[in-house]
Q: 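Quick one: the structure is below, and I'll ask about it shortly.
Values below: all heavy atoms of this structure, side chains included; hydrogens, waters and symmetry mates excluded. Just so we're clear, the structure is a prediction, and the values are computed from it rather than from any experiment. Protein chains get the first letters and strands the later ones, always in sequence-line order, with residue 1 at the start of each.
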2 protein chains.
Amino acid sequence: MDVQRLLIFREIARARSIGGAARSLGWTQPAVSQHLRHLERQAGTPLVLRRPRGVQLTEAGQALLRHADAIAARVQAATEELEALVQLRAGTVRLAAFPSAGATVVPAAMSLLAGRHPHLDVRLREAEPPQALDLLAAGDVDVALTFAHAGETPAGTEEMVRVPIGQDPLRLVLPRSHPCAEPADVPLHLGELAQEKWAGGCERCTAHLRQACEAAGFAPDIRHGTDDYVLTQALIARGLAVGLLPQLALDAARDPGVAVRPAAGVRPRVLYLLHHREADQIPAVRGALGALTDIAARACRAEHAAPPG
Amino acid sequence: MDVQRLLIFREIARARSIGGAARSLGWTQPAVSQHLRHLERQAGTPLVLRRPRGVQLTEAGQALLRHADAIAARVQAATEELEALVQLRAGTVRLAAFPSAGATVVPAAMSLLAGRHPHLDVRLREAEPPQALDLLAAGDVDVALTFAHAGETPAGTEEMVRVPIGQDPLRLVLPRSHPCAEPADVPLHLGELAQEKWAGGCERCTAHLRQACEAAGFAPDIRHGTDDYVLTQALIARGLAVGLLPQLALDAARDPGVAVRPAAGVRPRVLYLLHHREADQIPAVRGALGALTDIAARACRAEHAAPPG
DNA sequence: CCATCCCATAAGTATGACTTGGCGGTCAGC
DNA sequence: GCTGACCGCCAAGTCATACTTATGGGATGG
């Protein structure tokens, strides 16, 4: 059964005449007449009686009209629902972010997004980059915020789009009482901490630390390993270690007992947004990507503005 | 929104791939691909993500699928309902019949029809031919069983089809004790009852009676007028009048106190089925017409068989 | 690394959808 | 009783569009 014709039939029933329906539809009378004929042939029974002043529905026509009305209502509902999704008056976007971003950039972006589109349902899931990638591949999230240390080949299949949105410099974190704790603005070479005990971060961060130290000519004595940046700072504050932490982790939570200095010669890690190649055409995803890049750009400007200020 | 494409999209969702949907539909892959493209363009958002192993529905796609499922269900229901109407497993047919037929031919036809199509809803409304015509014109009944006396121009607009289905001879009805009551099989001339008091039937029947008597050379003394053939016979049985009644009225109810003789020179009235020109294409109507003509034919055969028997 | 399985694109064809033009029938009003 | 208005059907022509064929690119898996 041709559903399009059903809606034409509905117009015939409304106008109570074939010519009237044609006028409503902006067609000529024979066009509508032919549609009706096809419909009746398929139905196997007349749907209307042709009478001098127009048409009158038969029992079958009345039955069909009820269904046509229901179908038209559904089509209308579908149109409205899609419209809402396109205009971001509805919809969901699911984000995955690594912990330190989840505590800083992402909430800011979500807040911005909520202001722009109050009815958008934004959901955050914390995940380290490898797991975030899995979530993305499985379709469990729409956008993943990940990072890659300098020198690492950024993960992600060819299926995905990788959008760099900013850099996150790494800082050397020491106990306040440490001889190298000052001056805070002057970069410190890793090598000066060659004899210290170290605290590493997540697996990839620890690997990166090892690699950076190697480049500086020593093998670090890594005693602790945790991706909890609060715990890491607590260890450092008590003089149990030193560490190399990303600025974002320090922004998220700063232990008053630690001192921070730029790490000379250590290139910042790069933040990436990952999504399916076509996903940025989805309104909700596009909105989320926009908010995230806006927040990242804002942070970037602040960073650039900071040194002069 | 093109509804047909919605059902194609439904197939894509079911197959979880465009090519798979194409195979299900017996088409080539680009055909389905193009439909999806059009649908997405109209929707203003991607409905699926193209992934290496097939496609994955976006939020908008999932929403649309729900509506598409509902629409498909409605289409299915409509198809089934029409099918039932065509096969006479459902449906209604509304009849109008004049009283004496309503008590004889029509019940027989309805019984026959009920045997053939037990689920058909047949409704009878009693109406004299003029009113039956109005009902038919107003669309309140589908078939009208009417009659025309010989010489009358059968009523009905050009819009209608008139199907003669049989004749109903008129009989002279007398009190049993009347000198002319015998012999029952021999036709009696109206003129022999010129001096009697008469009982007329309905308006048109009374007019016909007057006309028939005029043709026989006298003006009848019509004392009573009722379309109730039971009442008329009661009057006659008590010797209060004589009458000219159609055979059908006598078949419907025969007062034991009356005698009946063929009326010489009075041509029978003709029974007609009336319906809209296209109405006989409607299965329920076609069924009813069939049953009515079958019964009429059967009655006709019985009549022809009677004289020899 | 090649074979396979997805899908997209481009161009060609053919079905069928809508228009034009013409006709018959019914009804209302002069 | 005839004429004009309305409503519908039919036939033929044109054009849109819905498919096909052919081709190519990206991802996956032996």
Q: Whole angstrom is fine here: how far is it from CE in A:Met160 over to C1' in D:dG26?
A: 14 Å
Q: Report yes if a side-chain nitrogen or oxygen of B:His35 is closer than 4.0 Å to either non-bridging phosphate oxygen (OP1 or OP2) of D:dC19; otherwise report no.
A: yes
Q: With heavy atoms under 4.0 Å as the rule, sort A:Ser17 into base, sugar-phosphate or nothing.
A: sugar-phosphate
Q: Does B:Val75 reach the side chain of A:Ile71, with side-chain heavy atoms less than 4.5 Å apart?
A: yes
Q: Given C:dA8, is OP1 or OP2 found less than 4.0 Å from the side-chain N or O atoms of B:Ser33?
A: yes
Q: Using whole Å, report how far CD1 of A:Ile8 lies from P of C:dC18.
A: 6 Å
Q: Hey, which of these two, B:Asp2 or B:Glu278, hits DNA chain D nearer its 5' end, going by closest nucleotide?
A: B:Glu278
Q: Here's one to test your reading of the geometry: is the NZ or CZ of A:Arg204 within 45 degrees of the ring axis of A:Phe147 and under 6.0 Å from its centre?
A: yes
Q: Under 4.0 Å between a side-chain nitrogen and a carboxylate oxygen: does that hold for A:Asp142 and A:Arg94?
A: yes
Q: Within the pair B:Arg51 and C:dC7, is there a side-chain N or O less than 4.0 Å away from OP1 or OP2?
A: no
Q: State whether B:Thr28 places a side-chain N or O below 4.0 Å from either non-bridging phosphate oxygen (OP1 or OP2) of D:dT20.
A: yes
Q: From the set C:dT19, D:dT21, D:dC7, return the single nucleotide nearest to any side-chain atom of A:Pro30.
A: C:dT19
Q: Tell me if the side-chain of A:Gln29 makes a donor-acceptor pair with the base of D:dC9, cut-off 3.5 Å, by modelled atom types.
A: yes
Q: Among A:His35, A:Gln42, A:Gln34, whose side chain to side chain donor-acceptor pair (under 3.5 Å) with A:Arg5 holds?
A: A:His35
Q: Quick check: are there more than 12 heavy atoms from other residues, nucleotides or ligands sitting under 6.0 Å from CZ of A:Arg123?
A: no
Q: What's the closest nucleotide to the side chain of B:Arg277 if the choices are D:dA27, C:dG25, C:dC18?
A: C:dG25
Q: Whether A:Arg50 contacts D:dC7 is assessed here as follows: a side-chain N or O lying under 4.0 Å from the phosphate OP1 or OP2. Is that the case?
A: no
Q: Among the nucleotides D:dG29, C:dT26, D:dT21, which one has an atom lying closest to any side-chain atom of A:Pro52?
A: C:dT26
Q: Rounded to whole angstrom units, what separation is found between the CD atom of B:Gln34 and the P atom of C:dT13?
A: 16 Å
Q: Between A:Arg5 and C:dA17, is there a contact of a side-chain N or O with OP1 or OP2 at under 4.0 Å?
A: yes
